[in-house]
Novice: 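Questions regarding the structure given below will be posed in turn.
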Amino acid sequence: MRTDALPEPTPESTRTLREALAAAGFTADGLLDLLGAPAYAALARGETVPALRATRGGEPLETLVRLFLLQRPVSRERAGAVLPLDEVLADRWLERVTDPASGPDPGPAEHVRATVDVRPYSGPDGEDWWVVSDLGRAVGGAGGVGASAESAQDVVLGVGGASTTLAGLMVTAPVARALDLGTGSGIQALHAARFASHVTATDLNPRALRCARLTMALSGVPEPEVRQGSLFEPVADAEPYDLIVSNPPFVISPGARLTYRDGGMAGDDLCRSLVEQAAGRLAPGGYCQLLANWEHREGQDWRERVAAWVPPGCDAWIVQRETQDVTQYAELWLRDAGDHRGDPAVYEERYDAWLEEFAARGTQAVGFGWITLRRSGAERPSVLAEEWPHPVEQPLGEVIRAHFARQDFLRLTNDAALLEHRYVLADEVVQEEIGEPGAEDPQYVVLRQNRGMRRAMTVDTVGAGFAGVCDGTLSAGRILEAIGELLGEDVGELRARTPESLRLLVERGFVTPVAD
């Protein structure tokens, strides 16, 4: 375990530091203005040279970027011009170092350097937040700046692609109680605090809990309840939650070398356990949202396998965003740990161990995606498992909430009642006609969403005409009558065959029922 100390500020000194950071423009917008888009993007990838070139001056914002993001020492004089130096040294945000470049004559100059990464982060409504993590760990994994896997065993990561993805998936309706399971540096707890009256953050790593508290305090957000432990063990005695979010250590690896990523269970058992146990910790109507990896095993459809994890009484939407074969997967996470930089023989041994475990379970590939559960209590739960590698529009929280609302409607509405309802076309749905150049009629018609999941769906002439006039005025049955008269088709036959395609239009979010 790590022995380097984390800051221990008081509420008053934290407020003073926050004010100093904001006054210097040390915000997400301020960084973009200072660095420019290319250097800003490079910094997000862990590349520091462009940012170093952009911070050669002595402006306050440049000083903070060098200290907290680039891990470069600066002189006491320069740091003191932008920060309450005595307080941040006493609180251990900074520590004293001797600059070896100053030379022995007239004596080495005293400099200061950061003890943690403090990264500006913009909230959904433009909030200025700061995420606290271990140095060099704001992006990527243990293979970050100057890291070895052994020294990074309980490393706390900062803002990365997975954490921002999960934050964009979060259903943000106001709730009483929210749980961030495996909080890390506290990013999901930070988001949940916007709409949850009470937030609990858990983690197996006590260092992560301390970073999460620092993140919340520095961002001016009420401190969450923190509990240490694995999976749902820390909250076994707690009241049920309306929202559970988790970016767990889902990497499927032999052993558990790195706390922040390796679950320590065989295969994808950790993600399975989370899904299976979630229902017991959810309040009625509550959501559980998590990122996950799952194995594609020989002779099994991954959809059926992962869908079988869903506990009774829960609806689920499982979306696979990416798949890697076992060699790609092993290489990705070996590089994440920095193993490729070490002894080649050790690297080969560890690589072989990954492939050996995969072979023993008949694993051919690994999928990555997200799982949302909702405790509906339905006798016939809706469980949808699908592959969707295409671009989506974040945030998706409202899209996810609406998906489950539509499942409720479809489950409770028979075919006859389906035609009595009125519907509206979703925002920014366009129609595309595909056919040979010069042909009088298209070969087929496609409806395409330009928002949310950005789905596409092939429809016939009736389906296209139906969607085009769904403005909430007429019932589906009345629309079919008009289409039948226009096309010269038997209305009875239209009414008999339309419910199946109408259910698909509703399920995929192209049309939405109007509440009476």
Side-chain angles (χ1 to χ4, degrees), residues 18 22 27-29 44 117-133 137-139 156-203 208-227 235 241-250 260 274 278 281-283 286-292 317 319 369-374 392-404 452:
R18 180 170 62 250
T27 64
D29 289 342
D117 187 299
V118 176
R119 190 153 301 243
Y121 182 71
S122 181
D125 296 322
E127 300 95 339
D128 287 326
W129 291 335
W130 292 271
V131 178
V132 179
S133 63
R137 315 290 199 248
V139 292
V156 181
L157 299 187
V159 182
S163 53
T164 55
T165 293
L166 181 58
L169 299 174
M170 199 179 295
V171 176
T172 58
V175 295
R177 293 171 54 78
L179 169 64
D180 178 10
L181 190 152
T183 188
S185 55
I187 298 167
Q188 309 309 323
L190 199 58
H191 280 270
R194 297 170 49 244
F195 55 86
S197 300
H198 180 87
V199 177
T200 300
T202 69
D203 207 290
L209 294 176
R210 293 183 61 192
C211 281
R213 295 177 71 173
L214 290 169
T215 291
M216 302 286 276
L218 192 57
S219 299
V221 174
E223 184 175 308
E225 175 189 14
V226 296
R227 298 191 180 195
V235 294
Y241 294 92
D242 305 293
L243 175 68
I244 299 171
V245 291
S246 182
N247 179 15
F250 53 67
Y260 76 89
L274 276 175
R281 305 310 316 152
L282 281 175
Y287 290 89
C288 174
Q289 300 184 272
L290 64 145
L291 303 183
W317 187 10
V319 181
W370 66 69
I371 300 174
T372 299
L373 306 177
R374 186 190 56 159
V392 298
E393 182 192 42
Q394 287 274 36
L396 283 171
E398 177 55 26
V399 172
I400 291 172
R401 187 208 60 76
H403 166 85
F404 287 100

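Below, each value reflects all heavy atoms present in this structure, side chains not excepted, and no hydrogens, waters or symmetry copies.
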Novice: Check Pro120 against Thr27 and note the closest heavy-atom contact, atom names and distance.
Specialist: CB-C, 3.4 Å
Novice: Taking all non-hydrogen atoms of both residues, which atom of Ala278 and which atom of Leu373 are closest, and how far apart?
Specialist: CB-CD1, 3.8 Å
Novice: Can you pull out every salt bridge (Lys or Arg N to Asp or Glu O under 4.0 Å) where at least one residue sits in residues 169-181? Sequence neighbours excluded, please.
Specialist: none
Novice: Who passes ring pair (Phe, Tyr, Trp, His ring centres under 6.0 Å) against Tyr121, sequence neighbours left out?
Specialist: His191
Novice: The criterion is side chain to side chain contact (heavy atoms under 4.5 Å, CB included); which residues satisfy it with Ala208, sequence neighbours excluded?
Specialist: Val156, Asp203, Asn205
Novice: How many angstroms lie between CH2 in Trp129 and CG in Leu190, if you round to the nearest 0.5 Å?
Specialist: 4.5 Å
Novice: With sequence neighbours left out, what residues match Pro224 under side chain to side chain contact (heavy atoms under 4.5 Å, CB included)?
Specialist: Val199, Ala201, Met216, Val226
Novice: By ring pair (Phe, Tyr, Trp, His ring centres under 6.0 Å), which residues pair with His403, not counting sequence neighbours?
Specialist: Trp317
Novice: Within the structure provided, determine whether Leu243 and Met170 are in side-chain contact (heavy-atom separation under 4.5 Å).
Specialist: yes
Novice: Which heavy atom of Leu396 sits nearest to which heavy atom of Gln394, and what is that distance?
Specialist: N-OE1, 3.1 Å
Novice: Take Thr164 and Val159 through the test side-chain contact (heavy atoms from CB on, under 4.5 Å) and record every step on the way to the result.
Specialist: CA-CA 7 Å; Thr164 55; Val159 182; 3.7 Å; yes
Novice: Test of understanding: with salt bridge (Lys or Arg N to Asp or Glu O under 4.0 Å), list the residues that count as partners of Arg401, not counting sequence neighbours.
Specialist: Glu398
Novice: What heavy-atom pair brings Gly158 and Ile187 nearest, and what distance separates the two atoms?
Specialist: O-CD1, 3.7 Å
Novice: Using the side-chain contact (heavy atoms from CB on, under 4.5 Å) rule, take Val132 and Arg210 through it: C-alpha gap first, then chi angles, then the decisive distance, then the call.
Specialist: CA-CA 9 Å; Val132 179; Arg210 293 183 61 192; over 6 Å; no
Novice: With sequence neighbours excluded, tell me which residues meet side chain to side chain contact (heavy atoms under 4.5 Å, CB included) with Ala283.
Specialist: Pro240, Asp242
Novice: For Leu169 and Thr372: C-alpha separation, side-chain torsions, deciding distance, then whether side-chain contact (heavy atoms from CB on, under 4.5 Å) applies.
Specialist: CA-CA 9 Å; Leu169 299 174; Thr372 299; 5.9 Å; no
Novice: For Phe404, check ring pair (Phe, Tyr, Trp, His ring centres under 6.0 Å) against everything at least two apart and list the hits.
Specialist: Tyr287
Novice: Who passes salt bridge (Lys or Arg N to Asp or Glu O under 4.0 Å) against Arg213, sequence neighbours left out?
Specialist: Glu223
Novice: Would you name the heavy atoms of Ile400 and Gln289 that are closest together and state the gap between them?
Specialist: CD1-NE2, 3.7 Å
Novice: Can you find a pair of side-chain heavy atoms, one from Phe250 and one from Leu274, that are under 4.5 Å apart?
Specialist: no
Novice: How long is the span from the CD1 atom in Ile371 to the OG atom in Ser246, to the nearest 0.5 Å?
Specialist: 10.5 Å
Novice: List the residues meeting side chain to side chain contact (heavy atoms under 4.5 Å, CB included) with Leu282, not counting sequence neighbours, and say none if there are none.
Specialist: Ile244, Cys288, Arg375
